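Comments concern the structure below.
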2 protein chains.
Amino acid sequence: MTVKAQFDHSNCGDCPIRHRAVCARCDADELEELESIKYYRSFEAGQTIIWSGDQMSFVGSVVAGIASLTQTMEDGRTQMVGLLLPSDFVGRPGRDTAPYDVQATTDVVMCCFRKKPFEELMDHTPHIAHRLLQMTLDELDAAREWMLVLGRKTAREKIASLLSIIARRDASVSQKGLTGSIVFDLPLTREAMADYLGLTLETVSRQISALKKDGVITLEGKRHVTIPDLGRLMEEAGDDSDGGFPV
Amino acid sequence: MTVKAQFDHSNCGDCPIRHRAVCARCDADELEELESIKYYRSFEAGQTIIWSGDQMSFVGSVVAGIASLTQTMEDGRTQMVGLLLPSDFVGRPGRDTAPYDVQATTDVVMCCFRKKPFEELMDHTPHIAHRLLQMTLDELDAAREWMLVLGRKTAREKIASLLSIIARRDASVSQKGLTGSIVFDLPLTREAMADYLGLTLETVSRQISALKKDGVITLEGKRHVTIPDLGRLMEEAGDDSDGGFPV
DNA sequence: CGCGTATTTGAAACGCCTCAATGCTCGTGG
DNA sequence: CCACGAGCATTGAGGCGTTTCAAATACGCG
């Protein structure tokens with residue numbers, strides 16, 4: 001059974017991202033309306049979900065996998081401007097061409113709604129509009145946090161920042177605490193990390209090696225990471241160990 | 001008469017930012033309600049309007065002047081994460097501590113609403129919530145555009161990007177066309193530009209001198225700028241000359 | 001006019017990038 | 001079962017752009 005097939009006949013009540021997604025505040029009636037216009041689509045790792053400049057015919061939520069928003073300059077320089085995790089929303093009600101490429105970083109399953117009906121539904125469903133506002137404000141905060149990373153942090157701090165975000169998100173979804181060591185698999189290639197951090201992939205590789213040598217992280221293979229001490233990692237990231245990123 | 005006094009007794013109907021602000025879509029009833037909870041405050045250039053971490057007791061719109069959102073690391077490195085122009089909204093309904101410092105870059109006049117009443121008003125005024133969503137989505141786009149600037153552009157391109165944004169915004173509010181030469185006063189010091197661009201102030205200065213030497217811009221004094229050819233400037237910014245930034 | 005602040009300019013140091021070669025892992029086919 | 005190739009990752013050497021530190025200059029305001 002494909003990953004998508006798991007979802008095809010499920011209803012919203014069983015949805016794993018229900019409590020965080022754009023539909024989180026909906027009551028039964030509203031869910032039913034949403035359910036009538038939703039459909040699932042899946043994308044393979046590497047596939048482009050939406051091309052910058054294209055018509056967006058649908059909006060939706062990432063249900064499983066990781067997608068990324070990227071901008072590209074004419075000469076090929078690219079910058080990732082957002083990382084879309086399960087429950088994150090894709091698309092922009094009220095605008096019809098996409099401002100960035102949306103790419104599947106891993107295999108991705110999305111819960112889609114045709115854009116027109118969704119917009120109409122939103123107009124008379126304050127719960128959706130309100131939740132979308134909340135989510136957009138959160139994303140804006142995240143984007144601004146990232147501006148500090150891009151503008152002012154060193155390569156080492158950038159890597160530490162990225163690892164600490166992934167580590168904390170991972171710990172939060174898997175319900176493990178933030179004390180003791182955290183273990184996870186990097187969902188990104190070195191190149192994708194570089195595109196996110198505004199670095200070259202060589203620099204990413206070198207800094208990861210350096211963090212490993214200094215005992216801040218441990219690696220098994222290329223992707224399996226252990227963080228023995230999150231506080232230490234966050235110091236390396238230049239964040240004060242309490243506040244920092246809301247994940 | 002102070003700048004603030006100009007506004008103190010004015011009503012929303014005369015407001016210069018009415019058509020772009022959070023209240024843009026409000027009808028007469030809604031305006032009246034807003035009017036009953038609004039008040040004006042003014043801030044001098046350099047003053048901090050809101051401190052990061054503080055309670056936010058109000059939200060509001062910038063009516064005149066320029067404010068900036070900045071983040072600061074413990075060691076003093078700072079990154080500006082937003083530039084607030086007249087009509088931009090300050091504050092975040094649904095959250096009560098400020099995530100960044102808000103500083104007056106020039107003298108600023110704000111139209112404020114106490115946060116609680118504003119939130120309540122928003123709950124039963126879809127026009128406000130809807131407009132705020134639109135504005136937040138626009139800001140998110142702007143933040144993401146800026147991530148490309150911070151992550152991937154050279155110092156020269158960064159300066160050109162900033163000048164081109166200011167030039168186009170200025171041309172759009174003063175209703176002049178984008179053809180022919182554009183003239184404006186820089187509202188930012190070299191240091192503020194550096195904080196916005198993730199550079200040092202020396203690099204900003206050098207790159208401005210270089211653009212001047214190459215005839216891309218002309219300077220009279222330190223702040224008065226002439227752009228003889230916007231297309232040329234946008235090439236220098238690395239943007240394709242048609243699309244680029246929606247201002 | 002003179003002081004304080006903003007800005008410009010210079011020289012040297014440093015960090016990241018570029019180019020290039022090597023290593024590792026995994027899947028495929030001989 | 002091993003050889004091979006395709007990606008992905010690591011490592012090295014050298015160059016370039018930006019920062020750092022330092023000093024000189026212009027500007028605005030009393």
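Predicted model only: the values in this text are computed from it and were never measured. In what follows, chains carry the letters A, B, and so on, assigned in the order in which the sequence lines appear, proteins first and then strands, with residues in each chain numbered from 1.
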For nucleotides 15-20 of chain C, give me every protein contact, N/O to N/O, under 3.5 Å, one pair per line with atom names.
{"from": "C:dC16", "atom 1": "OP1", "to": "A:Ala155", "atom 2": "N", "distance (Å)": "2.8"}
{"from": "C:dC17", "atom 1": "OP2", "to": "A:Thr200", "atom 2": "N", "distance (Å)": "3.4"}
{"from": "C:dC17", "atom 1": "OP2", "to": "A:Thr200", "atom 2": "OG1", "distance (Å)": "3.2"}
{"from": "C:dC17", "atom 1": "OP2", "to": "A:Thr203", "atom 2": "OG1", "distance (Å)": "2.5"}
{"from": "C:dT18", "atom 1": "O4", "to": "A:Arg206", "atom 2": "NH2", "distance (Å)": "2.9"}
{"from": "C:dC19", "atom 1": "N4", "to": "A:Glu202", "atom 2": "OE2", "distance (Å)": "3.1"}

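For A:Pro228, there are no side chain to side chain contact (heavy atoms under 4.5 Å, CB included) partners at least two apart in sequence or on another chain. Scored by the side chain to side chain contact (heavy atoms under 4.5 Å, CB included) test, A:Cys112 finds A:Tyr39, A:Arg41, A:Phe58, A:Met110 as partners (sequence neighbours excluded). For A:Thr203, the side chain to side chain donor-acceptor pair (under 3.5 Å) partners at least two apart in sequence or on another chain are A:Thr200. In this structure B:Asp75 satisfies the salt bridge (Lys or Arg N to Asp or Glu O under 4.0 Å) test together with B:Arg77, sequence neighbours excluded. Evaluation of the salt bridge (Lys or Arg N to Asp or Glu O under 4.0 Å) rule for B:Asp138 yields A:Arg92, A:Arg95 as partners, not counting sequence neighbours.
For DNA chain C, the neighbouring residues in residues 211-225 of chain B, judged by any heavy atom under 4.0 Å, are B:Lys222, B:Arg223.
The interatomic distance linking B:Leu186 (CG) with C:dA6 (P) rounds to 15 Å, in whole Å.
Listed by first then second residue, pairs satisfying salt bridge (charged side-chain N to carboxylate O under 4.0 Å, His left out) with a partner in residues 217-230 of chain A number zero, not counting sequence neighbours. Legend: side chain to side chain donor-acceptor pair (under 3.5 Å) pairs involving residues 78-88 of chain A, not counting sequence neighbours, sorted by first then second residue: A:Thr78-A:Asp195. Counting only residues at least two apart or in different chains, side chain to side chain donor-acceptor pair (under 3.5 Å) contacts with residues 206-219 of chain A comprise A:Arg156-A:Asp214.
The span of DNA chain D lying next to chain B, judged by atoms under 4.0 Å from heavy atoms, is bounded 5' to 3' by D:dT18 to D:dC27.
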Show every donor-acceptor pair shorter than 3.5 Å between a side-chain atom in residues 44-57 of chain A and any protein atom, with sequence neighbours excluded, or say none if there are none.
{"from": "A:Gln47", "atom 1": "OE1", "to": "A:Glu44", "atom 2": "N", "distance (Å)": "2.7"}

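Within 4.0 Å of A:Ser205, counting heavy atoms only, lies at least one base atom of the nucleic acid.
A salt bridge does not link B:Lys158 to B:Glu236: none of the charged side-chain nitrogens sits closer than 4.0 Å to a carboxylate oxygen.
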